[in-house]
Amino acid sequence: MKPIRILLVGGGHAHIEVIRQSPRLFNGLNTELILISPEPGAAYSGMLPGVVAGHYSVDDFLINLPALCEASGVAWHQGRFESLLPGRRAIVLAGGDELEFDFISFDIGSTPATLGYSLSAHLLGAKPITPFLQAWDHFLAEAAGNSGKVVTVVGAGVAGFELALAMRYRIDAGLGGAGCRWQLVSSGALLAGHNAFVRRAGAKALQRLGFDRHFGVSLDRVDSRAEGHMLHLSDGSELRSDFTVLCTPAAPVQDLGASNLPLTRDGFIPVNHCLQVLAHENAFAVGDIAQLPSPIAKAGVYAVRQGPVLAANLRKVITGERLTPFVPQKTFLKLITLGGQQAMASRGWFYCRGAWVWRWKNQIDTGFMEKYQR
Ligand SMILES: Cc1cc2nc3c(=O)[nH]c(=O)nc-3n(C[C@H](O)[C@H](O)[C@H](O)COP(=O)(O)OP(=O)(O)OC[C@H]3O[C@@H](n4cnc5c(N)ncnc54)[C@H](O)[C@@H]3O)c2cc1C
């Protein structure tokens with residue numbers, strides 16, 4: 001009999017857990033799993049600041065998807081999802097390949113909102129991670145040969161804060177500072193949503209490192225120049241910048257407008273509490289691309305926690321059992337790195353910092369990677 005085909009679209013944090021569990025999970029069911037993702041490496045973004053700072057190599061934070069699939073008996077298909085085919089249980093990939101399915105799940109992530117700027121190697125989002133890391137390596141080489149470069153981070157949430165400090169650390173440690181100037185621009189407050197101790201410690205770190213801070217202003221327009229570019233802010237000021245990284249709020253990883261999937265106004269895939277796509281009972285969506293009935297933060301922590309629920313529900317939907325709802329935690333512990341091997345911990349009113357917090361985070365992150373490295 002033809003196996004029941006499950007397509008996993010995207011090698012995100014939830015899908016890697018489904019793949020890891022799949023030999024046990026689908027034992028006794030006649031299933032065929034296929035993972036579709038554009039790149040063989042899936043990045044664990046919690047370690048991105050550490051890679052940028054030079055504490056880890058790129059290999060340390062990339063999960064080898066073909067190897068993980070092979071170890072679990074899952075087929076690996078390199079490709080990029082484009083759309084569902086109307087009236088059929090099939091998808092089409094960029095380039096035209098078609099794949100049929102019985103059940104499908106989407107875990108394709110998000111990217112910082114790029115607000116319509118034309119992106120380049122000198123102005124780009126922190127995700128997708130591969131082009132960002134290539135641009136960062138290129139900039140490091142440029143900064144080594146020319147002093148006085150200006151680096152700007154747009155967005156002062158955890159991702160923007162951590163990346164700003166990580167880039168600064170790398171240039172200070174590797175290039176003796178290279179005479180760089182540092183700027184942080186954000187329409188919101190620094191580390192908004194965290195307690196006052198965390199925000200104060202963050203502000204002190206930026207001040208100590210001499211960051212020019214522009215808070216309460218947004219980036220209106222960018223003029224590209226032969227040398228760097230000019231950032232026009234909503235308060236009328238203009239900032240020169242040679243390397244600008246956008247860490248703005250999460251937007252869908254691609255425009256899914258022509259995908260034949262239902263979409264929220266922001267372009268995410270709406271799901272019910274059991275992670276099923278609305279009006280598509282044989283489809284699931286998880287991680288940043290999914291929007292629950294009560295939206296939650298776009299954070300890897302939630303994508304990771306959705307993995308076991310999705311795995312259980314993929315089995316249950318086949319066996320006809322009642323699906324399990326995903327119940328997100330209201331708060332979670334955040335370990336925020338400070339460039340060097342120092343970090344602070346934040347949860348509710350809890351705050352602490354030190355080298356031991358960095359080692360704690362390092363243990364959690366490397367433990368996560370070990371679970372999926374094959
Ligand atoms: C600098 C930075 C630091 C961060 N640090 C943290 C942190 O410490 N803790 C935390 O909880 N969150 C953190 N985040 C947020 C975190 O990155 C995301 O919430 C998390 O990666 C989302 O996981 P995901 O499973 O939705 O997707 P991802 O992990 O982004 O995976 C998506 C996958 O889908 C693939 N894909 C994309 N498009 C397609 C397509 N069309 N077809 C097929 N496959 C596709 C991609 O190649 C990728 O493999 C950070 C974000 C940034 C930018």
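First listed ligand is number 1; within each ligand, the first listed atom is number 1. Bear in mind that the values here come from a model prediction, so they are computed numbers and not experimental data.
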Review point. Among the clusters formed by ILVMFWY side chains lying less than 4.5 Å apart, do Leu48 and Val58 turn up in the same one?
Key: yes
Practice item. Test Thr264 against Asp266 for side chain to side chain donor-acceptor pair (under 3.5 Å), laying out the working first. Key: CA-CA 5 Å; Thr264 64; Asp266 301 339; 5.0 Å; no
Check your understanding: Which side chain to side chain donor-acceptor pair (under 3.5 Å) pairs, counting each pair once, include a residue from residues 184-206, with sequence neighbours left out?
Key ->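 Those involving residues 184-206 are His194-Ser346.
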**Study point:** Candidates Leu25, Leu314, Val74, Ile318 - the one meeting side-chain contact (heavy atoms from CB on, under 4.5 Å) with Thr31
**Key:**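 Only match with Thr31 under side-chain contact (heavy atoms from CB on, under 4.5 Å): Ile318.
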Study note, to complete from the structure: Given the options His229, His138, Met167, Phe243 meets side-chain contact (heavy atoms from CB on, under 4.5 Å) only with Met167
Practice item. Give the ring-plane orientation class for Phe211 versus Trp182, where under 30° counts as parallel, over 60° as perpendicular and anything between as tilted. Key: tilted
Review point. Contact residues of ligand 1 with a heavy-atom cut-off of under 4.0 Å?
Key: Val9, Gly10, Gly11, Gly12, His13, Ile36, Ser37, Pro38, Ser45, Gly46, Leu48, Gly79, Arg80, Phe81, Asp107, Ile108, Gly109, Lys127, Ala159, Leu163, Val253, Gln254, Gly287, Asp288, Lys298, Ala299, Gly300, Val301, Ala303, Lys334
